[in-house]
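Shown next, in structure tokens, is the structure this report addresses.
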Amino acid sequence: MSTVKLKNLVKSYGDVTVVQGINLEVKAKEFVVLVGPSGCGKSTTLRMLAGLEEISGGEVSISDRVINDVAPKDRDVAMVFQNYALYPHLTVAENIAFGLRIRKVPKDEIRKIVADVAETLELTPLLERRPADLSGGQRQRVAMGRAIVRHPKVFLFDEPLSNLDAKLRTQMRAEIKQLHKRLGVTSVYVTHDQVEAMTLADRIVVMSAGKIEQVGTPMELFNSPANTFVATFIGSPPMNLIEATAEVSDAGCYALFEGQRCLLPTLSQLSDGEEIIIGIRPEYIEIEPVADATAIDVKIDLVETLGSEALLHCKFLDKPFVIKVETHGQLTHLENLNKLYFRQNAITVFDKKTTNAMIASDKK
Amino acid sequence: MEDINNSLSTEDSILVKKSKWLVMHLKKEWQLYLMLAPTIIWFIVFLYKPMYGLQIAFKDYSVFKGITSSPWVGLEHFYTLFDNDQFIRAIQNTVMISGASLIFGFPVPIILALMFNEIINPKFKRTAQTIVYLPHFISAVIIAGIVITAFAPSTGVINLMLNAMGYDSVYFLTKPEWFRTIFVGTGIWQEAGFGSIVFLAAVAGVNPSLYESAVVDGASRFQMMYKITLPCILPTILIMLIIRIGNILEVGFEMIIMLYQPATYETADVISTFIYRQGLQAAQYDLAAAAGLFNAVIAFLLVITANTISKRVSKTSLW
Amino acid sequence: MSFKENMNLYSKGDKAFVYLNMFLVAMFTISTLYPFIYVASLSVSLGDAVTAGKVVLTPVDFTLAAYDKVLSDPAFWTSYANTFIYTIGGTIVSLLIIVPGAYALSRPQLAGRKYWNMMIAFTMWFNAGMIPFFLNMRDLGLLDSYIGIIIGFACNAFNIILLRNFFEAVPASFEEAARMDGANDFQVLWQVFIPLAKPALATITLFCIVARWNGFFWAMVLLRDESKVPLQVYLRQIITQLTDDDTFASTLITASYSYETVSSAIMICSIIPVLLIYPWVQKSFNKGIMLGGVKE
């Protein structure tokens with residue numbers, strides 16, 4: 001099985017550097033998702049891996065073979081494109097067979113392989129149709145068929161679900177995950193959608209401005225974001241951040257903001273009077289008193305109902321602050337809420353200057 | 001000294017890097033350059049090489065000496081040209097004919113497009129469009145043939161109608177005073193339909209909700225055409241107008257060659273036909289090339305100006 | 001049915017406007033069509049009737065004598081065949097040069113792409129003109145040759161730019177996907193871009209065909225050998241012979257056909273192939289104009 005290694009990977013166009021030295025190792029059979037806002041260099045990184053973009057610096061290797069100067073077709077990778085790149089003039093079968101035909105695979109063999117792939121992806125009844133006659137999800141599956149037909153060492157996905165509506169996206173996400181389980185091919189997947197990243201990835205690579213912000217499993221990123229960028233990028237709604245001042249004494253560490261005093265996890269590197277940012281996930285805020293929790297006074301501005309859950313909107317220091325709670329079918333008790341409880345261990349503390357997390361808080 | 005050495009070596013290394021890159025690039029993309037080659041070669045051989053040949057405009061060109069070895073004569077041919085009444089006349093005629101085509105011919109496709117837009121029956125519209133586009137695809141020879149036949153003195157339909165109304169026959173094509181009218185009219189007849197396509201496209205781009213809200217406001221069809229459609233396609237009209245003005249030296253000379261005769265030269269002879277007669281019929285290559293160069297330079301300046309203006313007007317370039 | 005199609009909703013004034021407009025368009029259409037009908041009628045009328053000035057709209061004393069005369073002239077058939085050679089050969093050569101060229105010029109990986117494109121576009125605004133072009137053809141030994149006509153007019157900037165724009169609009173992923181599948185440039189062009197560009201290619205092909213079919217000026221200038229001239233040049237000789245000297249025309253006149261009927265018959269013979277491909281031309285040039293748009 002194949003590994004992928006990126007070593008100090010750099011891409012620049014003239015004076016503009018869009019990928020600034022990326023180091024990453026993808027293990028065999030691993031599903032890694034590169035996620036970040038548009039323009040963060042994730043697609044460029046993937047395209048360098050595919051050979052579609054020249055590498056300005058550093059090294060890309062697949063299975064320990066450096067492939068910087070290897071043509072895309074000889075890298076043994078397959079890619080699923082954002083717009084699927086299905087040829088409108090070819091049928092589904094011809095689209096899937098395109099790569100094999102170019103590689104002069106015998107016709108009989110092509111037919112057999114295409115039939116197998118179609119079976120796997122439940123495309124058999126559609127083989128003679130043209131892309132224009134397919135639904136979005138079907139096109140997506142054909143695009144995957146075209147990728148897996150060649151049995152590549154590595155799959156690359158470039159925002160493959162961004163053209164689908166929300167419902168289909170959820171469904172296709174599950175299909176991709178299952179396919180990966182079945183085929184066990186090393187995969188690198190690019191998306192700007194953190195939900196996609198969270199649900200699909202074995203490991204997530206969060207990128208911003210051409211750099212890696214954090215690499216970790218979905219839960220690691222969720223619970224222990226390395227900095228405020230990751231904290232706000234991962235999770236929906238994002239982690240709440242409040243600017244505060246640290247108060248450190250023998251009694252413990254506290255955060256001061258808006259005349260309130262909140263107990264923080266004990267952090268050795270925190271010093272008295274330091275400017276900090278405290279982060280707390282909307283899901284980890286309590287509305288009933290619990291142990292180790294500080295009561296915070298609030299005024300709820302708005303209750304947004306999602307059914308079983310509700311989002312409570314309020315403000316701290318003029319910045320929006322969101323709480324996610326279970327409704328248990330009731331709303332009235334939420335509207336009149338005037339106290340929230342921040343559990344000590346639910347809080348992440350960030351250095352205001354560097355925006356880096358001071359220590360991972362362990363929750364639950 | 002050391003500085004110079006340093007800068008030299010960095011320059012060298014840049015050169016080395018560049019040539020290395022080029023070798024790699026060509027190795028990878030040679031097919032692309034192979035595909036490009038025929039096009040580039042064609043342009044060099046058939047369009048750029050004649051530009052080298054343009055130098056005979058400043059030479060006493062002799063067929064035996066060839067382009068390069070013929071002696072230079074400076075601007076002599078240009079002096080000759082501007083002393084030549086025929087050439088001056090050709091310039092005047094070019095501008096006159098083009099100007100008349102512009103004034104009378106430019107509005108017709110716009111009106112036609114507006115009228116097409118007001119037709120409700122789609123079949124009628126399609127049929128009418130199919131017919132009025134057709135003359136554009138008919139060769140100049142045939143159009144000229146039709147004109148010659150229709151204006152023939154004794155058998156042509158125009159004169160037959162004049163006779164029927166009690167007038168004497170006129171041999172139109174030998175009358176200088178008629179040439180421009182016939183030529184411009186033919187041009188409008190041939191190109192107005194096809195010219196309307198561009199405006200129809202602009203009309204199709206008008207936001208339909210504008211019409212819907214006008215209907216709600218009780219506007220009549222004519223008001224909608226006049227107050228919505230026309231202003232909406234005004235940018236296109238402006239751009240097309242600028243293009244036409246930029247191309248004012250371009251006259252359908254194939255048609256003129258077919259239609260004119262010595263009797264009508266005084267109104268019909270334009271720069272291109274002058275060049276054709278001087279150069280290709282009388283073999284005064286150098287003089288004709290000078291006239292051509294003059295024409296090409298003016299035309300080039302006009303087109304560039306037109307593009308600059310249209311860039312300002314439309315914020316988009318024409319090419 | 002939108003408000004536009006529902007005439008019942010129209011006011012009286014609007015109805016009058018619509019009908020007046022229809023009438024005017026009909027008039028314009030008829031006046032476009034009339035000359036063709038006139039020529040067609042002339043071509044099948046008796047020569048005497050034409051000479052007597054009886055033919056105005058419909059044929060008088062129907063006869064195919066003029067066609068007999070035209071079709072029995074070997075020079076007509078030679079020129080007709082030549083036109084086919086120039087049209088088919090010229091269109092094929094044009095496509096062979098234009099299509100790969102436009103593809104290469106549309107690829108961002110082409111080094112100096114901007115300059116190559118400028119080199120092509122420049123010729124739209126400036127050309128050396130008639131005389132240097134003619135001398136160049138002569139120096140290349142392309143006077144009086146099929147090859148000269150076919151190759152000398154194979155390209156023009158407009159068609160290349162039209163097709164290049166179309167190729168540029170093809171999403172990059174189509175090429176990238178093919179490349180990852182192992183396709184080289186020729187395969188990408190042949191198997192992906194050409195099928196995708198069918199509408200644009202049809203437009204260019206039809207433009208080429210029409211231009212070739214109708215072209216006469218350079219054929220007239222470059223070809224001296226009567227056996228090589230295309231139909232348009234042959235037709236021109238017949239037509240201008242009347243205006244140049246009346247003797248030829250008088251030799252043509254007999255009772256059954258006249259100079260007018262014969263030249264009309266040749267014109268009709270030359271128009272017919274254009275009419276035959278016209279439905280395709282019409283379908284595609286709308287698109288073609290859109291493709292090139294004002295961006296010529």
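Lettering of chains follows the sequences in order, A, B, ..., and the numbering in each one begins at 1.
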Sub-4.5 Å side-chain heavy-atom contact between B:Pro135 and B:Glu191: no
Region of C:Phe186 in contact with chain B, defined by heavy-atom distances below 4.5 Å: both
Part of C:Ala26 within contact of chain B (heavy atom distance under 4.5 Å): both
B:Phe253 and C:Phe217 aromatic centres sub-6.0 Å: yes
C:Tyr103 side chain reached by C:Val188 side chain, heavy atoms, under 4.5 Å: yes
Chain C contact via B:Val45 - which portion, at a heavy-atom distance below 4.5 Å: both
Plane angle bin for B:Trp189 and C:Phe36 - parallel if under 30°, tilted between 30 and 60°, otherwise perpendicular: tilted
Heavy-atom side-chain proximity of B:Leu173 to B:Gln261 below 4.5 angstrom: yes
Approximate separation, where rounding is to 0.5 Å, of B:Gln281 CD and B:Thr273 OG1: 10.0 Å
Which portion of C:Val233 sits near chain B, non-hydrogen atoms under 4.5 angstrom: neither
Part of B:Met161 lying under 4.5 Å from any heavy atom of chain C: neither
C:Leu142 versus chain B, the contacting section by heavy-atom distance below 4.5 Å: side chain
Structural part of B:Ala57 lying under 4.5 Å from a heavy atom of chain C: neither
Contact check, side chains of B:Ile40 and B:Phe43, non-hydrogen atoms, under 4.5 Å: no
Portion of B:Ile257 that has a non-hydrogen atom of chain C nearer than 4.5 angstrom: both
Which atoms of B:Thr174 approach chain C - backbone, side chain, both or neither, heavy atom under 4.5 Å: neither
Salt-bridge contact C:Arg179-C:Asp185 (side-chain N to carboxylate O under 4.0 Å): yes
Pairs of heavy atoms under 4.5 Å with chain B: top-ranked of C:Val210, C:Thr123, C:Val50, C:Val99: C:Thr123
Residue among B:Ile275, B:Thr130, B:Thr39 with most heavy-atom pairs under 4.5 Å to chain C: B:Thr130
C:Val56 versus chain B, the contacting section by heavy-atom distance below 4.5 Å: both
C:Ile151 portion near chain B, given a 4.5 angstrom heavy-atom threshold: both
Residue part contacting chain B, namely of C:Asp139, when any heavy atom lies under 4.5 Å: side chain
Residue among B:Leu32, B:Asn121, B:Leu200 with most heavy-atom pairs under 4.5 Å to chain C: B:Leu32
Toward chain B, the part of C:Ile271 with a non-hydrogen atom under 4.5 Å: both
side-chain contact (heavy atoms from CB on, under 4.5 Å) assessment of C:Met137 paired with C:Val221: CA-CA 11 Å; C:Met137 290 297 274; C:Val221 169; over 6 Å; no
B:Ser196 side chain reached by B:Gln129 side chain, heavy atoms, under 4.5 Å: no
Among the listed options B:Gly292, B:Pro122, B:Ser220, B:Ala291, the residue most often paired with chain C at heavy-atom distances under 4.5 Å: B:Ser220
Contact origin within B:Ile143 toward chain C - heavy atom pairs under 4.5 Å: neither
Chain C interface, residue from B:Leu47, B:Leu26, B:Thr149, B:Ile67 that has the most non-hydrogen pairs under 4.5 Å: B:Thr149
Between B:Tyr171 and B:Phe151, ring centroids under 6.0 Å: no
Side chain, backbone, both or neither of B:Tyr52 within contact of chain C (heavy atoms, under 4.5 Å): neither
pair B:Tyr285-B:Val63: side-chain heavy atoms closer than 4.5 Å: yes
Contacting region of B:Leu36 [heavy-atom separation from chain C under 4.5 Å]: both
Residue B:Leu259 versus chain C: region with a heavy atom under 4.5 Å: neither
Part of C:Tyr34 lying under 4.5 Å from any heavy atom of chain B: side chain
B:Phe137 side chain reached by C:Ile277 side chain, heavy atoms, under 4.5 Å: no
Ring-face cation contact, B:Tyr226 with B:Arg221, 6.0 Å cut, 45° max: no
Largest heavy-atom contact set with chain B, pairs under 4.5 Å, which of C:Ala102, C:Ala154, C:Ser264: C:Ala154
Toward chain B, the part of C:Asn184 with a non-hydrogen atom under 4.5 Å: both
Chain C contact via B:Ile56 - which portion, at a heavy-atom distance below 4.5 Å: side chain
Over all atoms of both residues, closest heavy-atom pair of B:Ala140 and C:Phe216: CB-CE2, 4.5 Å
Test side-chain contact (heavy atoms from CB on, under 4.5 Å) applied to C:Thr261 and C:Ser43, step by step: CA-CA 4 Å; C:Thr261 65; C:Ser43 74; 5.8 Å; no
Distance flag, aromatic centroids of C:Phe133 and C:Phe153, threshold under 6.0 Å: yes
Chain C contact via B:Leu293 - side chain, backbone, both or neither, heavy atoms under 4.5 Å: side chain
Residue, of C:Leu33, C:Leu57, C:Thr29, C:Asn136, that accumulates the most heavy atom pairs under 4.5 Å with chain B: C:Asn136
Among the listed options C:Ser31, C:Ala211, C:Gly13, C:Ala111, the residue most often paired with chain B at heavy-atom distances under 4.5 Å: C:Ala111
Contact leader toward chain B among C:Ile120, C:Leu24, C:Ile160, where contacts are heavy-atom pairs under 4.5 Å: C:Ile120
Part of C:Val25 within contact of chain B (heavy atom distance under 4.5 Å): both
Proximity breakdown for C:Leu275 and chain B, heavy-atom pairs closer than 4.5 Å: side chain
Pairs of heavy atoms under 4.5 Å with chain B: top-ranked of C:Gly215, C:Gly129, C:Gly53: C:Gly53
Region of C:Met22 that comes under 4.5 Å of a non-hydrogen atom in chain B: both
Listed partners of C:Phe122 passing ring-ring contact (aromatic ring centres under 6.0 Å, His included), at least two apart: B:Phe300, C:Phe126
Chain C contacts, top residue of B:Asn163, B:Leu302, B:Leu112 (heavy-atom pairs, under 4.5 Å): B:Leu112
Derivation of the side-chain contact (heavy atoms from CB on, under 4.5 Å) call for C:Asp48 and C:Lys54: CA-CA 9 Å; C:Asp48 274 353; C:Lys54 287 186 196 154; over 6 Å; no
Donor-acceptor under 3.5 Å (C:Ser270 side chain, C:Ile266 main chain): no
Max heavy-atom pair count under 4.5 Å with chain C, selected residue of B:Val297, B:Val147, B:Ile138, B:Asp286: B:Ile138
